[in-house]
Each structure stands twice: as structure tokens, then as C-alpha cells.
Amino acid sequence: MGLLEGKKALITGIANERSIAYGIAKAFHREGAQLSFTYANEKLRKRVEEIAGEFGSDLVFECDVSKDEHISNLKEELSKAWNGLDVFVHSIAFAPKEEFKGGVIDTSREGFKVSMDISVYSLIALTRELLPLMEGRNGSIITLSYYGAEKVVPHYNVMGIAKAALECTVRYLAYDIARKGHRINAISAGPIKTLAAYSITGFHLLMEHTIKVNPFGRAITIEEVGDTAVFLCSDWARAITGEVLYVDNGYHIMGVFDREERIKREVFGEGQ
Ligand code: NAP
């Protein structure tokens, strides 16, 4: 029996098969969850419908999270289709491309507002709206963060500020929903080549650096994020809430980075 057998899960944030949310959907499907999906705009509808079909679902709803009416329609439509909801995956972030070019000091008022709205407020609004569907079901919510929330990652800029706010939001929401028996956690994923990632100036260098420095020396995959999401949404994680769990091959434990090559050369005499 799968770890999510009988659970009903709503997955947001699939743009294509490279999306982190796609890796989560794949893992949830393998573990027996029933899935429904949202797409942000009409351009993505067909693609998300095809992906839903791949997972045996025809429940696909439009939800641009900058629009309150889309969020309340989503609740209406979902409650017509299902008698409840066990899991909700928030895999959405956005900042205008120009916000990744300079430094935080160059952040525009509009860029700040839109990044916080789409990437952070959407978690609050969706959680509030979807909560009644989770009544009596010990629901679980997952969102996606990144290390730039706590340390400076050059060019990540306003998105780092948004991720810090997102992680804080997870803690406050965890408190708010705990009395109803629900949980919320964030996965802090290492860099993955997705559409959103390519907006970040110099993303390929960030990726190269992360692979070189993390203890395993490799990139993480959307499947690895998916497997962690399964655990967090399963009953095995029933006492875990308000947490930020790293899926980054251990990158965040490292303090000193560039010694490895010199140690090999100067201490062990390798490559001489
Ligand atoms: P992705 O495939 O581009 O997914 C981002 C999703 O957010 C897209 O489906 C996008 O839809 C959606 N979105 C943007 N604005 C929206 C809006 N107004 N309403 C509804 N949906 C909206 O990229 P991803 O990397 O999988 O990103 C998923 C999450 O993981 C994000 O929170 C990201 O910050 C986080 N994350 C990513 C990495 C990484 O390295 N890739 C690492 C750690 C955390 P559109 O395509 O229509 O804009």
C-alpha cells in the first residue's frame, strides 16, 4: 500500500515536466494519492491537462494567485469535485526578471510588491480558502523555499527576501492551523533547472558552484523533492510542522568551500 493511499491532493505550480511540482505529482501518484491541479493562465491549460491525464486525473482548475476570485473559484470547483482535501502543494513563485539583474538595493517598489504577493501572500490566501475542505482530515500543506532565504545568494535579490517571508509564514500558519489538526512545512530545495530558475541572472554558475561544493557533488532532482514531499504529507510526519526541510545534498551544512582541490593536491599529493 502506498504512503498516500486514499489521500486527495491539490498540486499547484506545474509549468512543464521539469517543474518541481511535476516531481511531487509523480511521487504522490506512485504512493496512491488522487490528484488535482491548477494552472496559472490559459497558455498553460493544455499542457497541465495533459500532465493531469498522465496521472489519471481530469481535475484541472485555473488559478492565477494574484486574483482573489480565482482562489475562491478554485475552492468552489474543488468542493464540487471532491468531498474533502488532504494535501495542498504550493509550488509558486514569481519576481519580474529585471529584479534579478542588479542587487537588492535596486529593487523597485512594484517588483517588491508583486514578488511578495505571488510568492508569499498566495500561500496565506490559498491556505485560508482551502482549509474548510480539510476539516477533520489532518491535512498537510507543503511549500517550496530556497537557501537564499537565509544567506546572501548574489542576484537572488528580492526572491531571497520573499523566501525568508515565506518560511516565516510557514511557522505562523503552522500555529494557526495546528488546533484543527493540520500541518504545514517548507522544503528548501537545492537549485534545479526549471523555467523559474532560468529567470535568475547567472543561474548556471549557481548550479555549478552548488554541485562542486555539496558533499555528494551532484545536483538534486525533482524526484528527490517529490519523495521528501511524500514523507512530509504522510502520516509518518504527523508530528512535524512549521519546519524547513533541506533537500540539497547537504549544501547548507558547509561552512568552508574551496579547500577540497588544494587538500587533495597539497596534503595527499594527488594530481601532481
Ligand atoms: P516552474 O516550473 O517555473 O514553476 C513555477 C510555477 O509558478 C509555474 O507553474 C508558474 O506558472 C507558477 N506561477 C507564477 N506566477 C503565478 C501566478 N500568478 N499564479 C499561479 N501560478 C503562478 O519552476 P520551479 O523551479 O518548479 O518553481 C516551483 C517552486 O520551487 C517556486 O516556489 C520556486 O521558488 C521553488 N524553488 C525552486 C528552485 C529551483 O532551483 N528551481 C529551488 C528551490 C525552490 P507560469 O509558468 O505561468 O508563470
Side-chain angles (χ1 to χ4, degrees), residues 10-26 37-48 51-52 60-71 73-74 89-97 99-100 113-123 125-126 141-151 153 155-167 169-170 186-200 202-211 214 219-226 228-229 244-249 251-252:
L10 173 70
I11 301 201
T12 65
I14 291 188
N16 55 37
E17 288 88 347
R18 289 174 161 229
S19 298
I20 293 177
Y22 179 82
I24 295 176
K26 211 157 91 173
F37 300 86
T38 66
Y39 59 91
N41 55 59
E42 198 49 33
K43 268 193 294 182
L44 282 178
R45 183 168 64 84
K46 198 159 175 297
R47 193 69 213 98
V48 177
I51 288 172
V60 177
F61 310 104
E62 182 175 22
C63 186
D64 174 343
V65 294
S66 66
K67 301 190 167 111
D68 285 338
E69 64 277 18
H70 280 209
I71 296 177
N73 280 348
L74 170 65
V89 175
H90 175 272
S91 188
I92 292 170
F94 175 79
K97 218 171 172 168
E99 299 298 341
F100 297 110
K113 274 192 204 163
V114 77
S115 310
M116 294 296 269
D117 183 25
I118 307 295
S119 316
V120 187
Y121 180 73
S122 62
L123 179 65
L126 280 163
I141 300 170
I142 297 283
T143 188
L144 273 303
S145 191
Y146 174 62
Y147 188 63
E150 56 185 285
K151 292 280 192 274
V153 174
H155 296 300
Y156 197 57
N157 294 348
V158 69
M159 193 47 78
I161 297 171
K163 290 303 190 195
L166 183 76
E167 292 182 5
T169 302
V170 165
I187 293 175
S188 182
I192 302 179
K193 288 179 190 164
T194 62
L195 269 185
Y198 274 114
S199 317
I200 301 161
F203 178 76
H204 64 290
L205 298 175
L206 178 67
M207 189 86 192
E208 251 175 46
H209 166 79
T210 311
I211 292 171
N214 79 61
I220 65 147
T221 65
I222 58 172
E223 285 77 12
E224 287 163 340
V225 179
T228 304
V244 179
L245 189 56
Y246 292 87
V247 180
D248 67 348
N249 284 327
Y251 178 82
H252 74 285

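Counting starts at 1 for both ligands and their atoms, in listed order. Note that this is a predicted model, so its numbers are computed, not measured.
With a 4.0 Å cut-off on non-hydrogen atoms, I222 does not touch ligand 1 at all. Counting heavy atoms closer than 4.0 Å to ligand 1, residue I118 contributes side-chain atoms (C-beta onward) but none from N, CA, C or O. The part of K163 lying near ligand 1 is the side chain, judged by heavy-atom distances below 4.0 Å. The part of C63 lying near ligand 1 is the backbone, judged by heavy-atom distances below 4.0 Å. Under 4.0 Å from ligand 1, the heavy atoms of I14 that appear belong solely to its backbone.
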* Take L74 and C63, measure what side-chain contact (heavy atoms from CB on, under 4.5 Å) needs, and give me the verdict at the end. => CA-CA 7 Å; L74 170 65; C63 186; 4.1 Å; yes
* Asked: How far apart are the C-alpha atoms of V65 and L123, what are their side-chain angles, what is the distance that settles it, and do they pass the side-chain contact (heavy atoms from CB on, under 4.5 Å) test?
  -> CA-CA 9 Å; V65 294; L123 179 65; over 6 Å; no
* To do: Tell me, with the steps shown, if S188 and H252 meet side-chain hydrogen bond (donor to acceptor under 3.5 Å, both in side chains).
  => CA-CA 10 Å; S188 182; H252 74 285; over 6 Å; no
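Ligand 1 lies out of reach of H90, whose nearest heavy atom is not under 4.0 Å from it. Residue contact check for ligand 1: G190 places a non-hydrogen atom closer than 4.0 Å to it.
The closest non-hydrogen atom to atom 6 (C) of ligand 1, taken over A196, S91, A197, comes from S91. Proximity annotation for atom 14 (C) of ligand 1: of A40, G148, A93, A93 comes nearest, heavy atoms only. Closest to atom 44 (C) of ligand 1 by heavy atom, among S145, S66, A189, is S145.
For atom 2 (O) of ligand 1, the nearest non-hydrogen atom of the protein is S19 OG, 2.6 Å. Of the protein's heavy atoms, I20 CD1, 3.8 Å lies nearest to atom 38 (C) of ligand 1. Protein heavy atom at the shortest distance from atom 25 (O) of ligand 1 is T194 OG1, 2.5 Å.
Contact of the D248 side chain with the N214 side chain is not registered, since no non-hydrogen atoms from C-beta on lie closer than 4.5 Å.
Closer than 4.0 Å to atom 48 (O) of ligand 1 lies none of the heavy atoms of the protein. At a distance under 4.0 Å, no protein heavy atom can be found next to atom 10 (C) of ligand 1.
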